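Just so it is clear, the structure is predicted and the values come from calculations on it, not from any experiment. Along the sequence shown, residues are numbered consecutively beginning with 1.
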Amino acid sequence: MKDVLLMKDLDQIKCISQAYRINILEAFEDQAATAKMISERLGEPHAKINYHLKEMLKHGILNLVEEVVKLGIVEKYYLPVAKQFVVDSNTLKISDDAVHESINQYRLMIFDTTATAFYEAIEDKSVSHQIKLNMLHDMHLTMDEIKEMQDEIDSVYKKYEELSEVKRENTSRYVVSHMILPY
């Protein structure tokens, strides 16, 4: 499994731009799994999970890593091709409405995931004190300065992603996000 898949293909972006499919990817927990295993983890119908797995396989989001025959039934084990999926909007023509819509759908899915994690943390009063929010507004920056800021943020993310690659004691799972938006 690669660390990052840089998605340049519109069909790939469309395929992964559904929160439901992101939930499926997260259910793998960095281990190969069958449709049945994922359906049990998510409490979802096997047929529904199987459909989405086949779509993600078709678009290069998943790999088929093993087929095991048990009692005459073929169990297919899948694994995400990467730990993280990133849209390479530089290679796509943003003027194309379909591309623009797909990228926005992907961004909206990320925002929804962040919002869900935020509200769940607020409801769980034992962790609400750990939420750290910063918002800087009215920053006047050039596109080069935005790119420089993004590169610095990416390097910080990379440092902590490397730490979280190994399961360690006394760690908890967090959603970490940032947004740079025109205002």
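Nearest heavy atom pair, residue L79 against residue V65, reads CB-CG1, 3.9 Å. A pairwise comparison of heavy atoms in F28 and P80 identifies CG-CD, 3.6 Å as the closest pair. Residues Q12 and H59 come closest through the heavy atom pair CG-O, 2.9 Å. Closest of all the heavy-atom pairs between G60 and V81 is O-CG2, 3.3 Å. Across all non-hydrogen atoms, the minimal contact from N50 to A35 is OD1-CB, 3.7 Å.
With respect to the salt-bridge test (charged N to carboxylate O, under 4.0 angstrom), the residues D151 and K147 qualify.
Annotation: side chain of Y78 is not in contact with side chain of E66 (no heavy-atom distance under 4.5 Å). In this structure, E55 and L53 have side chains that are not in contact, with every pair of non-hydrogen atoms separated by 4.5 Å or more. Considering only heavy atoms from C-beta on, L25 comes within 4.5 Å of M56 through its side chain.
Summarising the geometry, atom CG belonging to L5 is positioned 14.0 Å from atom NZ belonging to K83; distances are rounded to the nearest 0.5 Å. In this structure, CD1 on I73 lies 11.5 Å from OG1 on T34, to the nearest 0.5 angstrom. Here the straight-line distance linking atom CD1 of I24 with atom CZ of R41 works out to 12.5 Å at 0.5 Å rounding. Taking CD1 of I16 as the reference point, atom NZ of K14 lies at 15.0 Å (rounded to 0.5 Å). Atom CD1 of I13 and atom CZ of F85 lie 12.5 Å apart (nearest 0.5 Å). The CG atom of N63 sits 9.0 Å away from atom NZ of K2, with the distance rounded to the nearest 0.5 Å.
The number of heavy-atom neighbours closer than 6.0 Å to CZ of F111, taken from other residues, nucleotides and ligands shown, is 12 or below.
No single ILVMFWY cluster, assembled from side-chain heavy atoms under 4.5 Å apart, contains both Y157 and L163. Under a hydrophobic-cluster definition in which Ile, Leu, Val, Met, Phe, Trp and Tyr are linked whenever side-chain heavy atoms come within less than 4.5 Å, directly or via other members, I153 and Y160 are assigned to different clusters.
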side-chain contact (heavy atoms from CB on, under 4.5 Å) between R21 and I61: does it pass, once the steps are laid out? CA-CA 10 Å; R21 289 186 180 165; I61 304 299; over 6 Å; no

With side-chain contact (heavy atoms from CB on, under 4.5 Å) as the criterion, how do H52 and Y20 come out once you've worked through the C-alpha distance, each side chain's angles and the decisive distance to 0.1 Å? CA-CA 9 Å; H52 288 284; Y20 188 77; 3.4 Å; yes

From CA spacing to verdict: side-chain contact (heavy atoms from CB on, under 4.5 Å), N170, R168: CA-CA 7 Å; N170 300 320; R168 298 171 293 141; over 6 Å; no

Could you walk me through whether M149 and L141 satisfy the side-chain contact (heavy atoms from CB on, under 4.5 Å) test, starting with their C-alpha distance in whole Å, then the side-chain angles of each, then the deciding distance to 0.1 Å, before giving a yes or no? CA-CA 10 Å; M149 181 189 298; L141 303 171; 3.6 Å; yes

